[in-house]
Amino acid sequence: MEYNFKEIEKKWQKKWVENKTYHITEDKTKKKFYVLNMFPYPSGAGLHVGHPLGYIASDIYARYKRLQGYNVLNPMGYDAYGLPAEQYAIQTGQHPAITTVKNINRYREQLDKIGFSFDWDREIRTCDPEYYQWTQWAFIQMFNSYYCNNTKQACPISELISTFETCGTDKLNVACTEELHFSDKEWKTKTDIEKQETLMNYRIAYLGKTMVNWCPELGTVLANDEVVEGVSVRGGYPVVQKKMRQWCLRVSAYAQRLLDGLNTIDWTESLKETQRNWIGRSEGTEVKFKVKDSNVNFTIFTTRADTMFGVTFMVLAPESELVAQVTTSDQKKEVAAYLSRTKKRTELDRISDRSVSGVFTGNYAINPFTGDAVPIWISDYVLSGYGTGAIMAVPAHDSRDYAFAKHFNLPIIPLIEGCDISEESFDAKEGIVCNSPKAGITPYCNLNLNGLTIKEAIDATKKYVEENNLGKIKVNYRLRDATFSRQRYWGEPFPIYYKNDMPQVIDEDCLPLKLPDVDKFEPTSTNEPPLGHATKWAWDTLNKCVVENSKIDQKNIFPIELNTMPGFAGSSAYYLRYMDPRNHKTLVSKEIDEYWQNVDLYVGGTEHATGHLIYSRFWNKFLHDIGISVVEEPFHRLVNRGMIQGRSNFVYHIKNTNTFVSLHLKEKYESTPIHVDVNIVSNDILDIEAFKASRPEYKNAEFIMENDKYICGWAVEKMSKSKFNVVNPDMIVDKYGADTLRMYEMFLGPVEQSKPWDTNGIDGVNRFIHKYWGLFYDRAGNYIVKDELPTKEELKSLHKLIKKVTGDIEQLSYNTSISAFMICVNELSKLKCNKKEILEKLIIVMAPFAPHVCEELWETIGHMTSVCDAKWPSYDEKYLKEDAFNYIISFNGKSRYNIEFPANATTEEITAAVLADERSLKWTKGNVPKKVIVIPKRIVNVVI
RNA sequence: GCGGCUAUGGCGUAAUUGGUAGCCGCGCCAGACUUAGGAUCUGGUGUCGAGAGACGUGUAGGUUCGAGUCCUAUUAGCCGCACCA
């Protein structure tokens with residue numbers, strides 16, 4: 001029989017479906033292993049050769065773990081909600097649901113050809129109501145929870161209400177939008193609406209009037225991770241800051257836990273570092289400043305408490321509420337002018353133009369340490385969203401304050417011994433503090449920092465601040481709450497309606513709240529989100545789902561939430577749903593969750609480092625708090641697959657002719673490179689006939705060849721249609737088969753590394769599979785496997801392979817495993833080894849990589865069951881043992897010659913033999929060696 | 001500016017974790033078989049040198065009997081954060 005990959009692959013893919021080979025159920029007699037890929041967004045372009053890279057890597061791991069006897073969960077699904085389908089709908093009128101299904105089917109078709117071991121019975125789609133009802137359900141739980149800083153977990157909001165009823169905000173330590181103070185009596189006198197408004201300050205999912213990233217082009221709000229350098233990640237449209245009433249998730253409450261959790265998981269250091277950066281913990285001090293001659297107080301945050309004596313002015317963010325309180329009547333006009341100027345600036349303007357600007361409020365603040373009155377300014381270099389939106393400026397030791405002080409001619413007081421601040425500020429946190437007033441000199445302060453290091457001075461100041469009630473020690477995080485509303489159609493509807501303008505939760509029994517059909521995907525004429533077109537749906541929903549629907553205020557506002565949830569909503573807990581995907585009663589049953597626990601191996605790209613991977617961890621921690629997810633961290637080990645870039649090919653067109661010149665001759669002519677479809681180029685040699693046929697104007701093209709070949713140039717670029725460098729996995733599968741594709745993708749290099757796709761070299765892997773086949777069938781197609789006892793050499797070759805591959809798969813170093821296969825198959829074919837005992841184990845070890853051909857061969861040698869249910873062979877060191885070792889003999893570290901010693905030779909024997917060897921005498925030149933170092937099995941170094 | 005990662009033949013990469021640098025594959029060279037080929041098989045292939053040998057892991061130092069691997073400095077490239085007080 002010949003190796004006919006087309007028939008073999010078709011046959012086994014069919015059998016796997018028929019026999020439900022990859023269908024997995026909970027089996028408590030086996031240890032579980034959960035492998036997961038970041039599920040794809042099914043785009044219209046289909047899969048290119050880069051997409052399956054991670055899937056193949058995880059599939060190999062899943063198959064390997066299964067052979068080791070684990071019960072392996074390896075699911076797949078689709079992140080089906082998203083902007084592209086909706087943008088496409090706006091342009092073409094094609095409903096996103098239709099586009100999405102079409103794309104999913106195309107993805108599935110492509111995935112099926114590659115031979116994955118996914119359990120498709122567990123498939124989920126985020127746009128499926130069966131699925132998204134649990135997204136909505138989780139949202140309701142967040143709405144009904146607050147975060148307690150004492151117990152460090154989410155708690156029911158009802159508990160908070162009873163706290164308010166008994167003691168108000170006294171001793172309250174909870175996460176909130178702003179610090180409120182009221183007594184139990186005051187709480188009781190609040191109206192129902194006031195109470196609801198107050199609670200909004202504490203809910204984990206809350207409606208907040210906050211500054212958001214508004215993208216006018218997309219007509220929606222975006223989360224921080226969806227904006228890069230002032231433009232939207234999707235589409236690259238400008239983004240402006242805008243104050244809007246939006247749903248938010250109090251992710252910031254979990255900042256510390258998100259940070260701490262990183263120490264418990266097996267992720268790459270760089271990814272953890274990216275998350276640490278994004279969370280941005282900074283320890284500092286909050287200090288209260290009094291506005292001169294008034295009762296107004298305000299608080300600033302600083303990490304440099306040691307610089308209190310160098311404060312020469314204060315700066316407020318333009319958006320700060322203090323601006324209005326502080327500005328004097330003389331300055332009102334100028335301040336208003338500045339505010340309107342900064343308001344117009346987009347995020348992009350702010351980033352590109354960092355010239356100093358600001359305005360004086362006319363007012364002064366009193367430095368609590370010195371009693372000095374320092375001017376209060378306004379400037380947009382202070383951000384309203386971080387700290388308190390106000391800073392104390394220490395121009396001597398902060399470059400931004402320094403630039404501001406120089407520009408507006410404000411004083412600068414140096415505080416570090418010997419620092420030079422004539423040209424720039426001294427920002428480094430090193431040196432000895434000076435210039436703090438001697439104790440007792442001012443009536444305000446008896447703190448003397450002189451002579452201390454900065455670290456000591458910060459600690460001393462913190463202590464002083466706390467003791468004198470001037471402020472408090474505070475930890476700030478860069479991580480902001482996530483905006484959770486999108487003014488979009490193609491997303492999960494919120495289970496929310498409004499009563500007296502206050503949001504109310506739709507009863508859980510009414511979930512899922514299904515997304516209605518609409519015929520227009522743009523905002524309504526009154527500028528409501530697209531769901532505003534679905535008026536019938538809105539009223540039907542209210543009548544069905546709201547018990548007291550007659551009481552709804554139908555006058556002023558549209559009574560149902562018209563925003564939809566953002567993309568990350570559906571992808572935040574999908575790994576839990578895979579465990580129990582068809583459960584109608586709960587997100588995941590307790591028993592099943594306890595079995596599968598969390599994801600053991602998660603494979604996906606780094607692009608989700610500050611988005612999905614933060615939200616998902618947050619979401620899981622919340623579910624853990626309310627008793628759903630048993631493990632706090634969802635993804636134990638995470639491997640980042642590298643991006644596959646394109647490798648473009650070029651032909652060189654000679655100016656004003658219809659002639660193309662081969663790469664190495666192009667310097668002789670005036671030529672311009674033109675992209676040529678990589679699919680008609682092989683090993684950089686152009687298929688001239690295919691090229692001529694590709695476009696009418698090339699039909700009569702002429703070529704200047706070298707060695708009768710036309711050689712193309714190449715470059716690494718992004719894989720895209722316009723560069724004609726997209727390689728489709730289907731084409732590779734058609735030409736070489738899925739097993740070759742799988743092995744070649746892995747052979748390209750480490751999974752984590754980004755690399756250009758280069759079809760050159762795939763022949764090597766293809767040849768290898770043929771050679772492997774050749775161990776079972778000779779060239780005439782005769783079956784040649786025999787039931788004979790293997791030789792020592794054959795066993796050694798096999799066991800070497802098993803040892804290497806077992807170790808490599810754990811590390812996901814598949815490229816080196818494949819090298820090992822090639823070596824082993826080469827050795828066996830040279831030994832003319834066709835013994836069943838050896839080949840049987842070879843099949844099992846190779847099955848995770850090339851499942852189709854291995855299934856076929858497994859059947860060929862006489863097995864009735866799938867190779868998936870075989871047992872991973874163990875290796876035996878006894879076959880790997882050497883009789884003798886080749887020692888490298890070196891002198892002063894320079895290797896000179898080799899001697900073979902028996903494996904049981906002692907150090908003394910080796911030393912003596914080396915010193916007696918006549919070649920040694922040449923290198924020692926008659927000197928007695930100072931030392932002889934023997935590294936067992938490896939090397940003997942003689943030190944002269 | 002701060003933080004992280006990487007650097008090895010013509011190319012993709014490997015190195016028992018401090019022990020003969022370049023495994024495996026591509027490409028290239030030579031040979032075999034051939035209907036003379038973008039097929040298959042066999043052998044060779046870091047650089048210089050006829051050779052013995054010398055040199056060689058971005059650059060410069062250091063530790064060590066011994067460094068691609070550890071330390072210091074430096075250069076280049078990639079990534080993350082960035083007016084975060």
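Letters A, B, ... are given to chains in the order of the sequence lines, protein chains preceding strands, and every chain is numbered from 1.
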### Query
If each of A:Lys894 and A:Gly280 is mapped to the nucleotide of RNA chain B with the nearest heavy atom, which maps nearer the 5' terminus, i.e. the 5' end?
A:Lys894
## Note on the structure
Per nearest nucleotide of RNA chain B, the residue lying toward the 5' end, A:Ile933 or A:Ser819, is A:Ser819
Rounded distance (Å) that lies between atom [atom2] of [N] and atom [atom1] of [X]:
{"X": "A:Leu663", "N": "B:C11", "atom1": "CG", "atom2": "C1'", "answer": "14 Å"}
{"X": "A:Gln811", "N": "B:A14", "atom1": "CD", "atom2": "C1'", "answer": "15 Å"}
{"X": "A:Ile391", "N": "B:A85", "atom1": "CD1", "atom2": "C1'", "answer": "5 Å"}
{"X": "A:Tyr477", "N": "B:A85", "atom1": "OH", "atom2": "P", "answer": "14 Å"}
{"X": "A:Ile762", "N": "B:G25", "atom1": "CD1", "atom2": "C1'", "answer": "12 Å"}
{"X": "A:Arg480", "N": "B:C81", "atom1": "CZ", "atom2": "P", "answer": "13 Å"}
{"X": "A:Ile935", "N": "B:A67", "atom1": "CD1", "atom2": "P", "answer": "13 Å"}
{"X": "A:Ile939", "N": "B:A67", "atom1": "CD1", "atom2": "C1'", "answer": "12 Å"}

Can a side chain N or O of [X] be found less than 4.0 Å away from OP1 or OP2 on [N]?
{"X": "A:Thr268", "N": "B:C5", "value": "no"}
{"X": "A:Arg478", "N": "B:A82", "value": "yes"}
{"X": "A:Tyr381", "N": "B:A85", "value": "no"}
{"X": "A:Asn815", "N": "B:A14", "value": "yes"}

Rounded to whole angstrom, note down the [atom1] distance from [N] over to [M].
{"N": "B:U17", "M": "B:G27", "atom1": "C1'", "value": "31 Å"}
{"N": "B:A82", "M": "B:G3", "atom1": "C1'", "value": "11 Å"}
{"N": "B:U72", "M": "B:A50", "atom1": "C1'", "value": "44 Å"}
{"N": "B:G9", "M": "B:C48", "atom1": "C1'", "value": "15 Å"}
{"N": "B:G22", "M": "B:G1", "atom1": "C1'", "value": "40 Å"}
{"N": "B:G66", "M": "B:A15", "atom1": "P", "value": "25 Å"}
{"N": "B:A32", "M": "B:G18", "atom1": "C1'", "value": "45 Å"}
{"N": "B:U40", "M": "B:A36", "atom1": "C1'", "value": "14 Å"}

### Message
Other residues, nucleotides and ligands only: do more than 12 of their heavy atoms fall within 6.0 Å of CD on A:Glu810?
### Response
yes
Between [X] and [Y], a side-chain donor and acceptor under 3.5 Å:
{"X": "A:Tyr744", "Y": "A:Asn766", "value": "no"}
{"X": "A:Thr816", "Y": "A:Asp808", "value": "yes"}
{"X": "A:Tyr736", "Y": "A:Thr759", "value": "no"}

Would [X] and [Y] pass as an ion pair if we require N to O under 4.0 Å?
{"X": "A:Lys406", "Y": "A:Glu424", "result": "no"}
{"X": "A:Arg276", "Y": "A:Glu269", "result": "yes"}
{"X": "A:Lys830", "Y": "A:Glu827", "result": "no"}

[X] side-chain proximity, nearest of [options]:
{"X": "A:Phe747", "options": "B:G80, B:G12, B:U20", "value": "B:G12"}
{"X": "A:Ile823", "options": "B:C81, B:U20, B:C24", "value": "B:C24"}
{"X": "A:Tyr386", "options": "B:A85, B:C26, B:U20", "value": "B:A85"}
{"X": "A:Arg896", "options": "B:C83, B:A54, B:U20", "value": "B:A54"}
{"X": "A:Phe301", "options": "B:G3, B:A85, B:U20", "value": "B:A85"}

Watson-Crick/G-U partner (both atom distances under 3.5 Å) of [N]:
{"N": "B:G68", "result": "none"}
{"N": "B:U40", "result": "B:A32"}
{"N": "B:C48", "result": "B:G53"}
{"N": "B:G80", "result": "B:C2"}
{"N": "B:U74", "result": "B:G58"}
{"N": "B:U20", "result": "none"}
{"N": "B:G10", "result": "B:C26"}

### Query
Should B:G9 be called syn or anti, with syn set as within 90° of 0?
syn
#### Entry: B:U17: syn or anti, per glycosidic angle within 90° of 0
syn
### Message
Within the 4.5 Å heavy-atom criterion, are A:Asp427 and A:Tyr402 side-chain neighbours or not?
### Response
no
Just call it for [X]: base, sugar-phosphate, or nothing, with non-hydrogen atoms closer than 4.0 Å on any strand.
{"X": "A:Val382", "value": "base"}
{"X": "A:Asn886", "value": "base"}
{"X": "A:Pro750", "value": "sugar-phosphate"}
{"X": "A:Glu269", "value": "nothing"}

### Query
Considering all heavy atoms of both residues, which atom of A:Ala609 and which atom of A:Ile614 are nearest to each other, and what is their separation?
O-CG1, 3.7 Å
#### Entry: Nearest heavy-atom neighbours spanning A:Thr610 and A:Asp225
O-CB, 3.6 Å
### Task
Verify the ring-centre separation between A:Tyr875 and A:Tyr879: is it less than 6.0 angstrom?
no
### Task
Using a 4.0 Å cut-off on protein heavy atoms (strictly under), produce a 5'-to-3' string for nucleotides 36-43 of chain B with B for base contact, S for backbone-only sugar-phosphate contact, and - for none.
--B-SS-S
